[in-house]
There are 2 protein chains.
Amino acid sequence: MSKSFTSVWLREPRKATTPGRSREEIVRAALELLDEEGLGGLSMRKLGAKLSAGATSLYWYVANKDELLELAYDEVWAEMIVPDPDEVGWREAASVLAYGMRQAMLRHPWSADLLGRLPALGPNAMHVADKMRRLFKVAGFSGLDIDFANSTLTAYVFGMTIPEVAWNAAIGVENYDPDEMRASVTKAAAQFPDLLERMHMDSYDDPQAVRAMAFDFGLVSVLDGLERRLAA
Amino acid sequence: MSKSFTSVWLREPRKATTPGRSREEIVRAALELLDEEGLGGLSMRKLGAKLSAGATSLYWYVANKDELLELAYDEVWAEMIVPDPDEVGWREAASVLAYGMRQAMLRHPWSADLLGRLPALGPNAMHVADKMRRLFKVAGFSGLDIDFANSTLTAYVFGMTIPEVAWNAAIGVENYDPDEMRASVTKAAAQFPDLLERMHMDSYDDPQAVRAMAFDFGLVSVLDGLERRLAA
DNA sequence: ACCTGAACACCGTTCAAGT
DNA sequence: ACCTGAACACCGTTCAAGT
């Protein structure tokens, strides 16, 4: 009965040997397609063509598209490095990690969509999770609080970066017109005088800078909050 | 040149009058389909059938599927209520709001996927944004910090709830087998002794309860952190 | 003004058949 | 063991045509 939950990482790969095409090759090509064209740009047919293979050949290496995405997704986790908290202190390590996670997502915008859709059980994700647990243990948390503190930081970074990625995608990083944006938001915010206040600030002239400030503000707040829990 | 960014909310609706079918009717039907079958369960064809209409009739009321989703998405924001900070204090108001946002997303799991994909420019979203700004002003923030504090809280709630929704979807709230889950994660976490520690805790026996605790832990931390900024 | 069906250009996935 | 093409059951969207 229990239609149990599945993941690439819970199944043995087809083979240890590397015959004709390989899973790595496929994942690499998928990553290229994803980075260039986004999540919508990856189809099994296109990926097959890119590898000069029939679209359906890929199904020998990968059970389905979702598992392929899981594989690609884990590569993003490989780019997130956790500094050693013993060397730089837990707070600095957490801060550097947070910025690194944000950057990795900005480099691979398609990963933002996957966050809420696929489990992160790959070796790279696990490696990061393991290091993060250590980080918060070094900080002084114990028991369930280790995972709670971990989740808090991760949730903040993801929650902050997901909309940022969406925003970049919606308006395009290039050809951004501050006046047009201001006009759009002003229109949407009509009838909300308090919201309109925001328009009069220069947030729309250099949105990248403002978002970096926002990220930092929140990060400091979250870390302050976690530090307070340690004192209690 | 500037392929400018679009949203339903920036275009005038077709008509003020309500002739045969109406936009509201369509959105209501879409919401039902989404709640029952999820994001993948909504197709223009199925929605048309549900309204005993041709699939393509809908295109008279709505420019495309994304705009329809924007419309549905805004209905979720209608369910998030912001208590009056003058009555209950900003911290209590923020806390109640945070729980409300989480509940709204858990009620409409499909909205978690939309967060990172569609702008939230609808009237209901704007209404919440406006009230949230007021909340943080009452708290004592000023200038850009109002929006920064706002983003911090929102990011935390979304970042925490998106994976929660995904988790529910992946394993199903019903027919959850703690032992199977423990086995799966143990397998994925092999070679990471520190991670494995977590298995020995009873987190898998009542995941709902543990996640509620995690949410509360993080929320208190975030609010503590914001409070600290006020003192500075 | 509103609704239709046919048609276009796509999807992911299965499967019998080939080598 | 690996790869193929045909086929199935879908998509969103356009558009000429109807009323």
Side-chain angles (χ1 to χ4, degrees), chain A residues 3 6-8 11-27 29-30 33-34 36-73 110 113-114 117-118 169-170, chain B residues 3 6-8 11-27 29-30 33-34 36-73 110 113-114 117-118 169-170:
Chain A
K3 130 186 118 96
T6 59
S7 166
V8 225
R11 200 197 346 273
E12 302 304 329
R14 279 274 172 167
K15 205 52 180 309
T17 81
T18 313
R21 253 173 282 276
S22 74
R23 189 179 253 204
E24 288 80 46
E25 194 188 350
I26 291 171
V27 173
L33 220 39
L34 286 166
E36 285 164 13
E37 309 189 27
L39 205 51
L42 175 70
S43 77
M44 300 305 269
R45 282 170 163 88
K46 270 209 249 184
L47 184 57
K50 192 183 171 97
L51 294 163
S52 4
T56 57
S57 312
L58 309 171
Y59 284 86
W60 199 83
Y61 296 93
V62 136
N64 52 45
K65 194 185 179 184
D66 267 6
E67 294 207 347
L68 174 60
L69 288 174
E70 265 190 282
L71 261 2
Y73 182 34
W110 48 273
D113 278 330
L114 264 33
R117 234 177 66 199
L118 301 174
Chain B
K3 137 189 111 96
T6 59
S7 164
V8 224
R11 198 195 351 271
E12 303 302 330
R14 278 274 171 166
K15 205 49 181 311
T17 80
T18 314
R21 255 172 281 275
S22 74
R23 189 180 252 204
E24 289 80 47
E25 195 189 349
I26 291 170
V27 173
L33 221 38
L34 287 166
E36 286 163 12
E37 308 189 26
L39 205 52
L42 175 70
S43 78
M44 300 305 268
R45 283 169 162 88
K46 269 209 249 181
L47 184 58
K50 192 184 171 96
L51 294 163
S52 5
T56 57
S57 313
L58 310 171
Y59 283 86
W60 199 83
Y61 296 93
V62 136
N64 51 45
K65 194 185 180 182
D66 267 6
E67 294 208 346
L68 175 60
L69 288 173
E70 265 191 282
L71 260 2
Y73 181 34
W110 48 272
D113 279 329
L114 264 32
R117 232 178 66 198
L118 300 174

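Chain naming here is simple, since letters A, B, ... match the order of the sequence lines and numbering starts at 1 in each.
- When the side-chain contact (heavy atoms from CB on, under 4.5 Å) test is applied to B:D66, the partners found at least two apart in sequence or on another chain are B:N64, B:L69, B:R117, B:L118.
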Do any side-chain atoms of residues 42-50 of chain B form donor-acceptor pairs under 3.5 angstrom with protein atoms, and if so which ones, sequence neighbours left out?
unit_1 : atom_1 : unit_2 : atom_2 : d
B:S43  : OG     : B:K46  : N      : 3.0
B:K46  : NZ     : B:E37  : OE1    : 2.8
B:K46  : NZ     : B:G41  : O      : 3.3
B:K50  : NZ     : B:E32  : OE1    : 3.2

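- To the nearest angstrom, P of C:dC2 lies 13 Å from CZ of B:R23.
- Taking 4.5 Å as the limit, every side-chain heavy atom of B:L71 sits out of range of all side-chain heavy atoms of B:I26.
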Could you list the protein-to-nucleotides 16-19 of chain D atom pairs, N/O on both sides, closer than 3.5 Å?
none

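- Per the geometry, CG belonging to A:L58 stands 13 Å off P belonging to D:dG5, to the nearest Å.
- The side chain of B:W60 approaches C:dC2 more closely than any other nucleotide in the set D:dA1, C:dC2, C:dT13.
- Here the CH2-CD distance, from A:W110 to A:E36, works out to 12.5 Å after rounding to the nearest 0.5 Å.
- Atoms OH (A:Y59) and P (C:dG12) sit 6 Å apart, rounded to a whole Å.
- Taking atom CD1 of A:I26 as the reference point, atom P of D:dC2 lies 11 Å away to the nearest angstrom.
- The NZ-C1' distance, from A:K65 to D:dC11, rounds to 12 Å in whole Å.
- No engagement by A:A55 is indicated, since no non-hydrogen atom pair under 4.0 Å with the nucleic acid exists.
- Contacts of residues 41-51 of chain A with DNA chain D (heavy atom under 4.0 Å): A:R45.
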Checklist outcome for this item: Encoded 5' to 3' (Watson-Crick or G-U under 3.5 Å; [ ] crossing; | other strand), DNA chain D becomes ||.|||||...|||||.||
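- By the side-chain contact (heavy atoms from CB on, under 4.5 Å) test, B:S7 is found to be paired with B:W9, B:L10, B:E70, B:P119, B:L121, residues two or more places apart in sequence or in another chain being considered.
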Item to check | Chi angles and distances behind the side-chain contact (heavy atoms from CB on, under 4.5 Å) call for A:V8, A:V62 | outcome: CA-CA 8 Å; A:V8 225; A:V62 136; 5.7 Å; no
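- When the C1' atom of C:dT13 is taken as reference, atom OH of A:Y61 falls 18 Å away, rounded to whole Å.
- Note that CD of B:E67 is 15.5 Å distant from OH of B:Y73, once rounded to the nearest 0.5 Å.
- Rounded to a whole Å, the CG atom of B:L68 is 10 Å from the P atom of D:dG12.
- Among the nucleotides D:dC15, D:dG12, D:dG5, the one closest to the side chain of B:T56 is D:dC15.
- Taken from CG in A:L68 to CG in A:L34, the straight-line distance is 7.5 Å, to the nearest 0.5 Å.
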